[in-house]
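Throughout, residue positions are numbered sequentially from 1 according to the sequence presented. Everything numeric here is computed off the predicted structure, so don't read it as measured data.
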Amino acid sequence: MNIVEFPTFKKWKDEELIENTCRKIDRLKELLEKENNEEYWKEAMIINSMIIEIKKRNLKIDKEKLIENILKK
């Protein structure tokens, strides 16, 4: 029998969700540099779920902050 885990980020406050999503994006970049594909895709799926939750809550991330997080090394 498979156990379905309830994502903990659904309980987070809006600001916590945004901050942790940005941190996960940083972690994703590290995994890409290390060429750890299995861990990369696992993290990517979590980030995808977090972004879906952000959209469901109709939250906005400052574009400049998001671009900075994505592009910085």
Trainee: Give a yes or no on whether a salt bridge exists between Arg57 and Glu53, defined as a side-chain N under 4.0 angstrom from a carboxylate O.
Mentor: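 Yes.
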
Trainee: In the structure I gave you, are the side-chain heavy atoms of Trp12 and Met50 within less than 4.5 Å of one another anywhere?
Mentor: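 In contact.
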
Trainee: What distance separates Asn20 CG from Lys13 NZ, expressed to the nearest 0.5 Å?
Mentor: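 Atom-to-atom, Asn20:CG and Lys13:NZ are 13.0 Å apart.
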
Trainee: Does any part of the side chain of Lys24, heavy atoms only, come nearer than 4.5 Å to the side chain of Leu28, both counted from C-beta?
Mentor: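 Leu28 vs Lys24: side chains apart.
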
Trainee: Any ion pair linking Asp26 and Arg23 (charged N to carboxylate O, less than 4.0 Å)?
Mentor: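 Salt bridge between Arg23 and Asp26, a charged N being under 4.0 Å from a carboxylate O: no.
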
Trainee: Apply the test side-chain contact (heavy atoms from CB on, under 4.5 Å) to residues Glu39 and Glu30: give CA-CA distance (whole Å), side-chain angles for both, the deciding distance (0.1 Å), then the verdict.
Mentor: CA-CA 11 Å; Glu39 199 62 31; Glu30 291 172 12; over 6 Å; no

Trainee: To the nearest 0.5 angstrom, please state how far the NZ atom of Lys29 sits from the CG atom of Leu31.
Mentor: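 It comes to 12.0 Å.
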
Trainee: Rounded to the nearest 0.5 Å, how far does CG of Asn48 lie from OG1 of Thr21?
Mentor: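 Thr21 OG1 to Asn48 CG: 11.0 Å, rounded to 0.5 Å.
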
Trainee: Taking atom CG of Leu32 and atom CZ of Arg27, what is their separation to the nearest 0.5 Å?
Mentor: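 Separation between the atoms: 12.0 Å.
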
Trainee: Could you pull out the closest heavy-atom pair between Ile25 and Ile47, with the gap in Å?
Mentor: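 What the structure gives for the nearest pair is N-CD1, 3.8 Å.
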
